[in-house]
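The structure appears right after this line, and notes come after that.
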Amino acid sequence: MLNDLLPGRKILDVWSSYGGVIHRGKNHIKNKKYFSQFRKKVVGEKIESVNRRGKNVLIHLNKNKTILVHMKMTGHLLFGKYQKAGAETKKPEGWEKEPWFPIKNKALQDPFNRFIRLVFTLSNGKHLVLSDVRKFAKVCLIEKGEKTDLDDLGPEPLDKNFNFEIFKTIILHRPNSPIKSVLMDQGLIAGIGNIYSDEILWLSGIHPESRVSKAPEEKLKLIFKNIKLLLAKGIKFKGDSTSDYRNPDGIRGAFQYHHKVYQRKGEKCLKKGCGGKISRIVVGGRSAHFCDRHQKKY
DNA sequence: TGCAGTGTTGCTTC
DNA sequence: CGAAGCAACACTGC
């Protein structure tokens, strides 16, 4: 979607609401002065293309520079016409926390889009903004040859070359770990988060705490198949807006309407004829939802 | 009212 | 090496 909107536009200016939204190098190093360095390097550049690696959005500029955006829990990128409040301008109600607000666009005026921490002013009167309630999101500039977080990511699960044998080899590097933690380890496989791991394991009929090496081959095959299936479904429905996530046009994704287990604690299992109930436990520090009947623990 | 919970990840400690 | 616990942060819902 951003790849339809951004390429060809020039970055005219960058604004941020707090020092620290811009990070540098590997491992999340924060420093207020990085913002001015970042701004100097990207202003005047033209956006060539946009793509994704794992959970990172990559905005490629000319001269071998790439802006990396990781939205973490509550970040989302929005695109449209925005205005910065001044002495004369009046903001919509509820938008007092940050100075930027969208002009004449109902979807962008969604209350979950209020937390505008970073603004790229683009050519032709449009803006790319980052809304992020919890301020976990991270943005950094990658210059050619620099080491980045991307170097540590596992393969893309939707890549045609990512086959069952590769999957099996990768996850068996952590034979005694719970399967859910392994699926969510970005260094093993890139891009699977908490919601998708729960949904993958429900569909595969395997308990989130199952040890990788104990799971039978046919279960691993099922998990492999369902990773591809559910990530593709997530993309098809334009993401999951259980919480605050919005698409670049400000509109909700629809994957939340297709949850079978995530956040269904205490409700009936939706698998035909199962009759089980959904439980919630903590695995690897994250909430894990599963059916107490048809998800087998190995 | 207080506290658990939250599309995530990195650091510290053991 | 790996696992657990905590930290970053702000808000919602029970």
Side-chain angles (χ1 to χ4, degrees), chain A residues 17-32 52-57 68-77 94 96-98 110-117 130-140 148-154 157 171-200 208-209 211-213 227 230-231 233-235 237-248 252-259 261-266 280-289:
Chain A
S17 81
Y18 70 106
V21 61
I22 304 296
H23 301 245
R24 222 173 72 182
K26 282 178 74 152
N27 302 336
H28 218 224
I29 305 159
K30 266 193 193 181
N31 188 323
K32 281 189 182 178
R52 177 187 65 75
R53 175 79 174 93
K55 299 175 184 174
N56 303 274
V57 173
L68 178 155
V69 182
H70 194 307
M71 313 203 248
K72 300 282 178 90
M73 299 281 275
T74 58
H76 46 269
L77 289 167
E96 295 81 9
K97 292 226 161 161
E98 297 288 1
D110 182 309
F112 276 116
N113 295 336
R114 279 177 300 162
F115 309 92
I116 296 166
R117 317 296 193 190
L130 174 72
S131 177
D132 181 27
V133 185
R134 294 177 71 182
K135 299 180 179 170
F136 287 175
K138 146 180 138 168
V139 175
C140 69
T148 72
D149 297 348
L150 299 178
D151 304 335
D152 302 329
L153 291 177
I171 63 169
L172 281 172
H173 286 147
R174 299 265 301 278
N176 299 313
S177 298
I179 183 72
K180 179 181 169 76
S181 305
V182 170
L183 293 184
M184 287 178 49
D185 187 327
Q186 303 300 299
L188 297 179
I189 303 162
I192 303 173
N194 205 32
I195 295 176
Y196 294 97
S197 65
D198 277 2
E199 296 296 326
I200 289 162
E209 282 181 314
R211 306 285 141 175
V212 173
S213 62
I227 288 173
L230 286 168
L231 291 184
K233 198 169 163 185
I235 292 168
F237 289 106
K238 300 185 187 301
D240 191 303
S241 297
T242 302
S243 177
D244 56 284
Y245 177 75
R246 299 294 182 270
N247 275 287
R252 288 173 168 80
F255 189 74
Q256 66 276 16
Y257 303 122
H258 303 270
H259 290 171
V261 271
Y262 183 73
Q263 288 198 342
R264 294 193 64 253
K265 182 185 166 185
R280 179 190 177 279
I281 55 173
V282 174
V283 179
R286 305 301 302 278
S287 68
H289 307 79

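Worth saying up front: this structure is predicted, and the values here are computed from it rather than measured.
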Under 4.0 angstrom, heavy atoms only, what part of the nucleic acid is [X] near: base, sugar-phosphate, or nothing?
X	result
Tyr196(A)	base
Arg246(A)	nothing
Lys265(A)	nothing
His76(A)	nothing
Gly284(A)	nothing
Asn194(A)	sugar-phosphate
Gln263(A)	sugar-phosphate

For dA4(C), give its Watson-Crick or G-U wobble partner with both distances under 3.5 Å, or none. dT12(B)
What does dG7(B) pair with, Watson-Crick or G-U, if both distances are under 3.5 Å? none
Without decimals, in angstroms, what is the distance between [X] [atom1] and [N] [atom2]?
X	N	atom1	atom2	answer
Asp244(A)	dT6(B)	CG	P	14 Å
His259(A)	dT6(B)	NE2	C1'	13 Å
Met71(A)	dT8(B)	CE	C1'	12 Å
Asp152(A)	dT8(B)	CG	P	18 Å
Asp198(A)	dT6(B)	CG	P	10 Å
Asp185(A)	dT9(B)	CG	P	10 Å
Leu130(A)	dC9(C)	CG	C1'	14 Å
Lys72(A)	dG5(B)	NZ	P	22 Å

Sub-3.5 Å donor-acceptor pair from the side chain of Arg52(A) to the main-chain atoms of Gly54(A), do we have one? yes
Between the side chains of His259(A) and Asp240(A), is a donor N or O closer than 3.5 angstrom to an acceptor N or O? yes
Over all atoms of both residues, closest heavy-atom pair of Ile171(A) and Val212(A): O-CG1, 3.5 Å
Minimum-distance pair of heavy atoms, taken over all atoms of Ala137(A) and Asp132(A): N-OD2, 2.9 Å
Does [N] have OP1 or OP2 sitting under 4.0 Å from an N or O in the side chain of [X]?
X	N	answer
Arg117(A)	dC9(C)	no
Lys97(A)	dC11(C)	yes
Lys135(A)	dA10(C)	yes
Arg134(A)	dA7(C)	no

Between [options], which nucleotide has the shortest distance from any of its atoms to the side chain of [X]?
X	options	result
His70(A)	dA10(C), dT6(B), dT9(B)	dT9(B)
Lys55(A)	dG7(B), dT9(B), dC11(C)	dT9(B)
Ile195(A)	dG7(B), dT6(B), dT12(C)	dG7(B)
Arg174(A)	dA10(C), dT6(B), dA3(C)	dA3(C)
Val133(A)	dA10(C), dT8(B), dA3(C)	dA10(C)
Ser177(A)	dG5(B), dT12(C), dA3(C)	dA3(C)

Carboxylate-amine/guanidinium contact Glu98(A) Arg117(A), below 4.0 Å: yes
Kindly say whether the aromatic ring centers of Phe255(A) and Tyr196(A) come within a distance under 6.0 Å. yes
Taking the same atom, [atom1], in [N] and in [M], what whole-Å distance lies between them?
N	M	atom1	answer
dC14(C)	dG7(B)	P	15 Å
dC9(C)	dG2(B)	P	22 Å
dC6(C)	dC3(B)	P	15 Å

Can you find an N or O donor on one side and an acceptor on the other, under 3.5 Å apart, linking the side chain of Arg286(A) with the base of dT8(B)? no
If you measure from the ring centre of Phe136(A) to the centre of the six-membered ring in the base of dA8(C), is it under 5.5 Å, with the planes under 30° apart? yes
For Gln186(A) and Thr74(A), find the nucleotide of DNA chain B closest to each by heavy atoms; which residue's nucleotide sits nearer the 5' end? Thr74(A)
Identified side chain to side chain contact (heavy atoms under 4.5 Å, CB included) counterpart of Ser287(A) within the set Ile281(A), Ile195(A), Val282(A), Asn194(A): Asn194(A)
